[in-house]
Structures are given as C-alpha cells and as structure tokens.
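Protein chains get the first letters and strands the later ones, always in sequence-line order, with residue 1 at the start of each.
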Protein chains: 2
Amino acid sequence: MKVDKETKSANREALLSAASRLLRERGVDGVGVAEISQAAGLTHGGFYRHFPSKEALVGASVERTLMETAERASGVVAEDGLDAFAHTYLSAAHLKDPAAGCALAALGGDMARQGGEVRAAYARGVRAYLGTLAPPGRPDRADNLKKLAALIGAAVLARGLAGVDDALAAEIVSAVREDRQAFKRD
Amino acid sequence: MKVDKETKSANREALLSAASRLLRERGVDGVGVAEISQAAGLTHGGFYRHFPSKEALVGASVERTLMETAERASGVVAEDGLDAFAHTYLSAAHLKDPAAGCALAALGGDMARQGGEVRAAYARGVRAYLGTLAPPGRPDRADNLKKLAALIGAAVLARGLAGVDDALAAEIVSAVREDRQAFKRD
DNA sequence: TGTACATCAGTGAACGCGCGTTCACTGATGTAC
DNA sequence: TGTACATCAGTGAACGCGCGTTCACTGATGTAC
C-alpha cells in the first residue's frame with residue numbers, strides 16, 4: 001500500500017543508512033539488495049521505488065557516507081588537530097568497527113572495480129573528504145595528503161591482520177600513529 | 001583422463017597463476033572458480049583435484065603472490081633504495097595494472113572480510129613482504145612501515161579515482177611519492 | 001469541506017543467471033608382478 | 001622388459017542457492033472537483 005510522503009522519505013533514508021553500514025562491513029559484492037532492504041524494514045520489491053539499481057544505491061550511499069564522515073572528521077581536526085584525528089583514526093574502536101568508520105579504508109579497494117556511476121560519486125565524496133581534512137591551496141596540503149594516505153594504508157593493513165597477527169597490526173599502527181615528527185604539528 | 005605428474009603440477013601452477021592475476025584484478029568476490037579454471041586451461045571440475053575449495057585457492061594464491069612481489073620489491077630496494085621503490089610503486093604502470101601489482105593494495109581491503117584460513121595465509125605473506133622491505137629490528141623499521149602504509153593508501157586512493165578525478169589522484173601520488181624528506185634517505 | 005478516483009509505495013512470487021560444489025564417468029598413467 | 005590393472009586427473013552435467021531485477025497486485029494517499 002502507498003505510504004505518505006514522510007514515510008517514503010524516511011524509508012529512503014533507512015535504505016541509505018542500512019547500505020552505508022552493510023557496504024562498509026561486507027563490501028559491495030558482499031551484501032545484496034534484499035538484505036539491505038530488509039535491514040531498512042522493506043522488502044526487496046519496494047527498494048526499486050527508491051533506486052533504479054543496486055549500483056545507484058551504492059553510489060549514493062558511498063558519496064553520502066564520505067560527506068558525513070568528512071564532517072565528523074573535520075570537527076575533530078578543527079578542535080584537536082590532525083594529530084588527534086590520526087590517533088582516533090587508528091584507535092582499536094575504529095579498526096574494529098569498519099561499518100561505522102571511514103569509507104575510504106573500508107571501501108577504497110572496491111572502488112577501483114566499480115562502474116562509472118559509482119566511481120563518479122566516490123570521487124565527489126573523496127574531494128569533500130580531502131577538502132576538509134587537507135584543504136586545497138593550503139601550504140600543508142601535500143603533507144596532510146601524505147598523512148591521510150598513511151592512515152588509510154595502515155587501517156587497511158591492520159584490519160586484514162586483525163586476529164591473525166595482532167602484534168604486526170599493532171606495530172604498523174603505532175609506527176604511523178605515534179610518530180611525533182609526522183603528527184605533532186597542528 | 002589422467003595426466004602425468006609434471007602436467008598435473010603445471011596445471012596447479014597455472015591455477016595459482018591465473019588466480020593471482022584475476023583475484024588482484026577483480027577481487028575475491030569478483031571472480032569465480034570456473035573462470036580461474038578456464039584461464040588455467042581446465043574445466044571447473046578439475047579444479048577440485050588441486051584445491052578442496054575456492055577459499056583454499058585464495059589463501060594459497062594470496063600468500064604466494066605476496067612472497068613473489070616481496071622478492072621482486074626487495075631487489076629494487078637493495079639496488080636503488082626505498083625511494084626508488086616508492087617511485088615505481090606509484091608509477092602509472094603499477095597503478096594501471098593491479099593484476100600484476102602489489103597484492104596489499106589490490107586485495108588488502110578484501111582481506112578483512114575473509115575467513116580464518118585466508119587471513120592466516122595473508123598474514124604470512126604480509127610478514128614476508130614487510131620482512132624484506134622493512135626488516136624487523138632495524139632502527140628504520142617504524143619509519144619504513146609508515147612509508148609503506150602511505151604507499152598502499154595512496155595506491156588505493158589513486159586507483160579509485162582513476163578516470164573520474166585524475167588530477168586529484170595525481171596530486172595524492174605526488175604528495176606521497178615526491179616528498180624528498182620522506183623518501184630521500186637510503 | 002466532502003467525495004470520487006488516479007497515483008504510486010510497498011508486497012511477494014517469479015524471471016534468468018552465475019555461483020561453489022558434487023558426481024558418474026573416461027582413459028592415460030604408473031605400479032605390481 | 002612386458003603385461004595387467006588400480007589409480008586418479010580431468011570432463012561436463014547436475015545440485016541447491018542467492019543474486020539483481022521485473023511484475024501483477026494491493027490499498028492508502030493525496031488531488032481534482
């Protein structure tokens with residue numbers, strides 16, 4: 001049965017929210033339309049009243065997730081600096097819960113294999129993300145880009161090693177995180 | 001029909017070699033047993049005379065691929081230093097051809113979602129890889145781990161942005177690659 | 001404001017398809033004598 | 001060295017399953033009068 005406009009809008013948000021978490025947790029190929037719809041309280045049939053395809057949802061979800069996390073990250077950086085952000089980024093809490101964390105680390109590897117629509121949405125998200133954490137034009141732009149690349153690389157490695165070589169994961173994390181030379185300034 | 005021992009052994013190598021390329025190109029969920037078998041010159045039925053499951057193949061392939069690339073990388077570093085390695089790692093040739101490149105960048109994101117068997121094999125490969133590029137015990141170990149993390153993060157980002165924001169991809173690459181402070185020493 | 005009705009969000013069965021895996025079978029291999 | 005035969009690598013059909021997507025249908029919504 002038809003639902004009112006607010007309900008429809010809330011359902012769309014629920015789909016995006018469920019997709020955001022599930023995609024980061026399982027990867028693009030690891031989660032299906034039916035499961036995302038169910039997590040949002042719909043059946044898979046209803047899904048197609050909101051998005052023309054899974055690809056469209058993935059694009060919209062990735063872009064929005066990056067925008068949201070960029071905003072959150074930006075707050076941390078503004079308040080406590082990039083050093084504090086690095087610490088949070090490589091915290092056990094973040095590494096253990098990819099579903100709620102940075103989409104660049106969780107989905108970056110998948111993005112190289114997606115179609116144009118998803119890639120374009122991803123690029124917009126990355127620009128927003130890097131735009132707030134390493135603002136273009138600033139003299140420290142390149143330096144910050146390098147730090148962010150190290151954070152992402154370390155998170156990817158640490159998550160892959162979690163549970164099978166925690167000592168090595170910890171060593172990588174502390175090499176990237178606790179380097180005073182790299183993360184002290186600002 | 002049965003084949004002789006050398007043929008069997010060659011077929012196993014062909015499976016591992018095909019898997020190595022296809023997995024890096026498409027990801028673990030993006031390629032199937034049938035396609036890998038076909039690329040190796042077998043039908044999917046024959047596959048199971050070599051590996052008990054897809055998971056077993058993925059584990060063996062990832063571990064071997066990391067060992068091989070570690071050896072190659074080690075040669076570059078020994079001859080020209082980590083600075084030269086970084087340059088090669090972030091070259092257009094490497095970024096454009098994940099199927100022949102570093103498995104950490106191509107498959108790192110997938111590894112966090114694999115089962116224990118694959119993760120354990122992955123961890124052995126990573127230890128070998130990092131063992132040659134950032135030998136444990138050396139005073140520059142942490143420094144080198146950080147550089148490698150930055151290389152991997154930059155490669156993941158640049159590949160995701162390729163074709164949709166090449167300018168940003170290039171900026172990230174040059175921020176990580178051409179930083180004389182970070183990569184000049186040795 | 002009240003009514004008649006076109007719209008359309010959501011349901012759930014069904015579609016074709018590719019997945020990982022199994023299995024009966026074939027016939028060359030390699031061993032036992 | 002020659003022969004008889006058990007082994008087993010590889011084939012291709014078949015399995016159950018889940019995927020993304022479509023579709024006929026339902027009935028509440030919201031608009032036209």
- Nearest-Å distance, CG (B:Leu22) to P (C:dC19)? 12 Å
- Listing for DNA chain C: consecutive Watson-Crick or G-U pair runs of at least 3, distance cutoff 3.5 Å, ranges ordered by first number, gives C:2-33 with D:2-33
- How close or far is atom P of D:dG20 from atom CD of A:Gln114, stated in whole angstroms? 12 Å
- Any idea which of C:dG30, C:dT11, C:dT21 is nearest the A:Thr43 side chain? C:dT11
- Spacing between A:Asp29 atom CG and C:dG18 atom P, to the nearest angstrom: 15 Å
- Query: For A:Gly163, does its backbone N or O pair with a side-chain atom of A:Asp166 as donor and acceptor, under 3.5 Å?
  - Reply: yes
Please list each protein N or O that sits under 3.5 Å from an N or O in nucleotides 13-17 of chain C, with the distance.
from: C:dA13; atom 1: N6; to: A:His44; atom 2: NE2; distance (Å): 3.0

- Message: Ignoring hydrogens and geometry beyond distance, is a side-chain donor-acceptor pair present between A:Arg12 and A:His50 at under 3.5 Å?
- Response: no
- Query: Of A:Lys5 and A:Pro52, whose nearest nucleotide on DNA chain D comes first from the 5' end?
  - Reply: A:Pro52
- Query: Separation of A:Gln38 atom CD from C:dG12 atom C1', in whole Å?
  - Reply: 13 Å
- Message: According to side-chain hydrogen bond (donor to acceptor under 3.5 Å, both in side chains), does anything in residues 20-49 of chain B pair up with another residue at least two apart or in another chain? List the pairs.
- Response: B:Ser20-B:Arg24, B:Ser20-B:Thr65, B:Arg26-B:Glu35
- Message: Any carboxylate oxygen within less than 4.0 angstrom of a Lys/Arg side-chain nitrogen, looking at B:Asp110 and A:Arg113?
- Response: yes
- CD (B:Glu13) with more than 12 external heavy atoms under 6.0 Å: yes
- Please report the closest heavy-atom contact between B:Ala149 and A:Val176, naming both atoms and the distance. CB-CG2, 3.8 Å
- Send over the distance from A:Phe47 CZ to D:dC19 P, rounded to a whole Å. 13 Å
- Side chain of A:Ser53: nearest nucleotide among C:dT29, D:dT21, C:dA9? D:dT21
- Item | A:Asp143 with A:Lys147: basic N within carboxylate O range, under 4.0 Å | yes
- Message: I need the full list of side-chain hydrogen bond (donor to acceptor under 3.5 Å, both in side chains) pairs touching residues 121-139 of chain A, with sequence neighbours left out, sorted by first then second residue.
- Response: A:Glu63-A:Arg124, A:Arg127-B:Asp165
- Message: Test your reading of the model: is there a side-chain donor-acceptor pair from A:Arg159 to the backbone of B:Ala112, 3.5 Å cut-off?
- Response: no
Sort me out a list of protein N/O and nucleotides 1-8 of chain D N/O pairs below 3.5 Å, or just none if empty.
from: D:dT7; atom 1: O2; to: B:Lys2; atom 2: NZ; distance (Å): 3.1

- Message: Distance check needed: C:dC19 C1' versus B:Ile36 CD1, whole Å only.
- Response: 12 Å
- Of B:Gly32 and B:Val3, the one whose closest DNA chain C nucleotide lies more 5': B:Gly32
- Task: Verify, without hydrogens or angle tests, whether B:Arg119 (side chain) and A:Val164 (backbone) share a donor-acceptor contact under 3.5 angstrom.
- Result: no
- Once you round it to whole Å, what is the distance between P of C:dT26 and CG of B:Leu42? 20 Å
- Please give, in whole Å, the distance from D:dT21 C1' to A:Lys54 NZ? 12 Å
- Message: A:Ser91: which residues meet the side chain to side chain contact (heavy atoms under 4.5 Å, CB included) condition with it, sequence neighbours left out?
- Response: A:Ala93, A:His94
- Query: Got a donor-acceptor contact below 3.5 angstrom from the B:Lys146 side chain to the A:Ala154 backbone?
  - Reply: no
